[in-house]
Amino acid sequence: MLFEPQDQFLQRKRKLEQIAALGYDPFPHKFAFTHTPAAVVRQYASRTAAELEAQPISVRVPGRILTIRLHGKTGFAHVLGEGERLQIYVRKDVVGERGFELFHRLDIGDIIGVVGHLFRTRTGELTVWVEELVLLTKALLPLPEKWHGLADVEVRYRQRYLDLLVNVDVRRVFERRARLIAEMRRFFEARDYIEVETPMMQLIAGGATARPFVTHHNALNLPLYLRIAPELYLKRLVVGGLDRVYEINRNFRNEGLSTQHNPEFTMLEFYQAYSDYRDLMDLTEELLTGLVRTVCGTTTLPYGAHQVDFTAWQRLSMREAIQRFWPAEAGPAPTPADLARPGGPHRAVEQYNTYARRTQRTPIEPAQLSEGVLTGLLFEAVAEEHLIQPTLIYDFPADLSPLAKRRDDDPTLAERFEIFAGGLELGNAYSELNDPEEQEQRFREQIARGGEEVPKQLDEDYLRALCQGLPPTAGAGLGIDRLTMLLTDRHSIREVILFPLLRPEVRDSAPPTAPEVVERK
RNA sequence: AGGGGCGUAGCUCAGUGGUAGAGCAGCGGCCUUUUAAGCCGAAGGUCGUGGGUUCGAUCCCCACCGCCCCUACCA
């Protein structure tokens with residue numbers, strides 16, 4: 001075992017041997033500590049030099065060395081713990097000959113424990129006056145450079161442990177993500193929801209339109225899919241009388257990667273019986289505004305060049321949004337009534353395409369698409385990028401929404417809404433379709449239409465569950481990763497996922513082999 | 001999948017058709033309140049990989065590998 005940089009690796013191994021030769025246990029089993037570096041900083045930041053002298057504070061602090069400055073018979077170092085750095089001061093006349101020998105053999109990256117008391121240096125920095133020093137773990141590899149840190153995104157993602165150590169704000173992002181999920185659980189807990197876990201390995205990957213990952217169970221000799229959504233299982237649970245359920249967990253979609261897409265991603269899905277999508281609009285706004293307030297301590301978030309105000313929600317129907325954001329240069333905007341008329345979306349698409357060709361934009365391909373699909377495409381082309389402020393877009397074309405209930409007054413529309421903020425699509429919700437006959441018909445239409453992102457098989461068990469009776473229910477899904485992006489002002493999903501999917505690293509050895517490689521053209 | 005960009009020391013980056021530099025880190029030395037510590041000295045590179053053009057390539061051309069960004073599918 002030998003890693004780059006080899007010279008430093010070997011050098012550090014030598015030092016480890018020298019430390020052992022001095023009589024220190026090179027791998028001690030524990031360190032009884034009184035404070036982490038962060039705790040020291042938190043508790044004693046306001047203590048003056050005089051106060052620390054009058055009332056000495058003894059501490060035992062573990063931490064990882066970030067910097068070392070040797071000054072002959074003394075030396076300073078900073079140790080890191082819980083995301084904060086704390087200075088230590090080591091003197092030969094205090095720690096003794098052997099202790100100072102140890103200090104000289106320490107490297108940046110080593111984990112040590114110090115015993116001593118707090119004081120302030122001439123420049124006023126809170127510092128541990130070290131009386132005893134121990135090595136807790138030797139680092140055989142160096143840390144990235146102290147001033148510029150680690151900037152190479154590839155190394156940052158592959159060796160996230162380095163990124164977390166060296167880039168303080170990265171730690172903050174994941175602390176905030178954890179806080180967000182914790183607050184989410186409190187929110188649903190307080191509303192009598194029950195948290196559940198449903199299968200991630202499924203015989204039929206339903207509940208969304210996406211290409212699934214395929215796997216196989218040996219003992220049962222079963223082909224299985226990694227789930228693309230928990231939706232159909234959660235609704236089975238509502239049938240079973242769990243009137244309010246939620247799940248926070250991973251979904252897997254075998255699609256391309258982008259700044260907004262990782263093949264595995266985390267979703268919150270929640271279902272509430274005896275409610276419709278209007279109820280969920282209120283609940284969703286309350287959830288998001290509350291989360292932003294408790295997690296960020298404010299309701300206005302900076303996101304890139306924008307300020308996103310979570311007290312200023314707007315609600316637009318999809319047709320209203322098309323009218324509202326219709327480009328002026330494309331001529332008079334179609335009204336919701338125009339878009340509702342038969343042939344209306346077709347005419348609007350033609351009008352849009354004329355404008356698109358003139359302005360070097362991608363036109364919409366109208367061939368063989370339904371009015372509903374065209375309306376959805378128009379919305380994406382014209383409106384989506386403008387949805388910076390928190391917005392609910394509602395009343396989707398029914399033929400884009402096979403699991404949603406139709407509106408009573410307009411069966412071409414589904415009772416469905418999506419949540420947008422910061423230009424990100426954050427979530428999706430609807431009044432759940434609970435008429436088993438209509439559900440079967442919509443499933444069959446979907447299967448007939450075909451495509452890799454559609455299940456090949458009818459989920460009969462789900463239909464049987466619906467026949468048992470799903471109460472009127474509304475459900476929603478919220479992308480946790482994207483929400484984290486918004487709350488931490490990150491613009492790539494990889495910045496909010498600890499280990500995003502990357503191609504395997506090629507080290508000198510043979511390429512990685514999979515037991516079963518599925519060949520696809 | 002298509003288009004654009006990037007790849008030089010462990011890290012952050014300069015640079016040139018005549019095989020390379022800085023700062024930090026590392027190594028040897030000096031230094032008892034420093035903090036991007038300082039000073040002296042020595043070391044460190046198949047310039048992503050493989051071809052081609054050339055007397056000569058890290059630089060020019062081609063292919064490949066990896067990463068980033070945009071577009072397409074999706075949340």
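In the text below, chain A, chain B and the rest are named by the order of the sequence lines, each starting its count at 1.
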For [N], what is the paired nucleotide under Watson-Crick or G-U wobble rules, both distances under 3.5 Å?
{"N": "B:C60", "value": "B:G52"}
{"N": "B:A36", "value": "none"}
{"N": "B:A1", "value": "B:U71"}
{"N": "B:C6", "value": "B:G66"}
{"N": "B:U19", "value": "none"}
{"N": "B:A42", "value": "none"}

| task | Please round to the nearest 0.5 Å and tell me the distance separating atom CG of A:N249 and atom CD of A:E195. | result |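 A:N249 atom CG to A:E195 atom CD measures 8.0 Å (nearest 0.5 Å).
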| message | Could you measure the distance from the OG atom of A:S401 to the CD atom of A:E415? Nearest 0.5 Å is fine. | response | 11.0 Å
How far does the [atom1] atom of [N] sit from the matching atom of [M], given to the nearest Å?
{"N": "B:G3", "M": "B:A72", "atom1": "P", "answer": "16 Å"}
{"N": "B:G21", "M": "B:U58", "atom1": "P", "answer": "15 Å"}
{"N": "B:G50", "M": "B:U46", "atom1": "P", "answer": "12 Å"}
{"N": "B:C60", "M": "B:A42", "atom1": "P", "answer": "34 Å"}
{"N": "B:G7", "M": "B:G48", "atom1": "P", "answer": "8 Å"}
{"N": "B:G66", "M": "B:C39", "atom1": "P", "answer": "44 Å"}
{"N": "B:G51", "M": "B:A14", "atom1": "P", "answer": "29 Å"}
{"N": "B:C59", "M": "B:G18", "atom1": "C1'", "answer": "12 Å"}

Any side-chain N or O of [X] below 4.0 angstrom from OP1/OP2 of [N]?
{"X": "A:S492", "N": "B:C69", "value": "yes"}
{"X": "A:R494", "N": "B:C68", "value": "yes"}
{"X": "A:K15", "N": "B:C27", "value": "yes"}
{"X": "A:R158", "N": "B:C67", "value": "yes"}
{"X": "A:R503", "N": "B:C65", "value": "no"}

| query | When you check the gap from the basic side-chain N to the acidic O, do A:R120 and A:E53 get nearer than 4.0 Å? | reply |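 Answer for the salt bridge query: no.
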Taking any heavy-atom pair under 4.0 Å as a contact, classify [X]: base, sugar-phosphate, or nothing.
{"X": "A:F9", "value": "nothing"}
{"X": "A:N251", "value": "nothing"}
{"X": "A:L141", "value": "nothing"}
{"X": "A:G477", "value": "nothing"}
{"X": "A:Q87", "value": "base"}

Where the side chain of [X] is defined as all heavy atoms beyond and including C-beta, which of [options] is the nearest nucleotide?
{"X": "A:F76", "options": "B:C68, B:G26, B:U33", "value": "B:U33"}
{"X": "A:Q11", "options": "B:U32, B:A25, B:C27", "value": "B:C27"}
{"X": "A:E145", "options": "B:C31, B:C27, B:U12", "value": "B:U12"}
{"X": "A:Y89", "options": "B:U33, B:C11, B:A75", "value": "B:U33"}
{"X": "A:E255", "options": "B:C67, B:C73, B:C27", "value": "B:C73"}
{"X": "A:W147", "options": "B:A36, B:A75, B:U32", "value": "B:A36"}
{"X": "A:H148", "options": "B:A75, B:U32, B:A36", "value": "B:A36"}
{"X": "A:T259", "options": "B:U33, B:G66, B:C70", "value": "B:C70"}
{"X": "A:R91", "options": "B:U32, B:U12, B:C67", "value": "B:U32"}
{"X": "A:I493", "options": "B:A75, B:U32, B:C13", "value": "B:A75"}

[X] [atom1] to [N] [atom2]: how many Å, rounded?
{"X": "A:Q260", "N": "B:C73", "atom1": "CD", "atom2": "C1'", "value": "13 Å"}
{"X": "A:W129", "N": "B:U32", "atom1": "CH2", "atom2": "P", "value": "14 Å"}
{"X": "A:D110", "N": "B:A25", "atom1": "CG", "atom2": "C1'", "value": "13 Å"}
{"X": "A:L502", "N": "B:C67", "atom1": "CG", "atom2": "P", "value": "6 Å"}
{"X": "A:L257", "N": "B:A72", "atom1": "CG", "atom2": "P", "value": "16 Å"}
{"X": "A:N254", "N": "B:A1", "atom1": "CG", "atom2": "C1'", "value": "14 Å"}
{"X": "A:Y430", "N": "B:A75", "atom1": "OH", "atom2": "P", "value": "9 Å"}
{"X": "A:L106", "N": "B:G26", "atom1": "CG", "atom2": "P", "value": "12 Å"}

| field | A:R156, A:R494, A:R171 screened by salt bridge (charged side-chain N to carboxylate O under 4.0 Å, His left out) with A:D163, the one that passes | value |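 That would be A:R156.
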| said: Are the side chains of A:Q260 and A:L424 in contact, using a 4.5 Å heavy-atom criterion? | reply: yes
| query | So, A:F174 versus A:F499, ring centres under 6.0 angstrom or not? | reply | no
| In terms of the nearest nucleotide of RNA chain B, which residue is placed more toward the 5' end: A:K73 or A:V155? | A:V155
| request: Between A:A77 and A:S258, just flag the one whose closest nucleotide in RNA chain B comes earlier from the 5' side. | output: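 Between the two, 5'-proximity favours A:A77.
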May I ask you to decide if the ring planes of [X] and [Y] are parallel, tilted or perpendicular, using 30° and 60° as cut-offs?
{"X": "A:F188", "Y": "A:F270", "answer": "tilted"}
{"X": "A:W313", "Y": "A:F310", "answer": "perpendicular"}
{"X": "A:Y277", "Y": "A:Y394", "answer": "perpendicular"}

Answer with yes or no whether [X] presents, from its side chain, a donor or acceptor under 3.5 Å of a partner atom in the base of [N].
{"X": "A:E125", "N": "B:U33", "value": "no"}
{"X": "A:R122", "N": "B:U33", "value": "no"}
{"X": "A:T121", "N": "B:U34", "value": "yes"}

Can you give me the N/O atom pairs linking the protein to nucleotides 41-47 of chain B at distances under 3.5 Å, or say none if there are none?
none

| request: Give a yes or no on this: more than 12 heavy atoms of other residues, nucleotides or ligands lie within 6.0 Å of atom CD of A:Q6. | output: yes
| request: Check the surroundings of atom CZ in A:R69: do more than 12 heavy atoms from other residues, nucleotides or ligands lie under 6.0 Å from it? | output: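 Above 12, so yes.
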| Residue pairs, two or more places apart or on separate chains, that pass side chain to side chain donor-acceptor pair (under 3.5 Å) and touch residues 371-385 of chain A | A:H346-A:E371
| field | Stacked pair A:F265-B:A75, distance under 5.5 Å, angle under 30° | value | yes
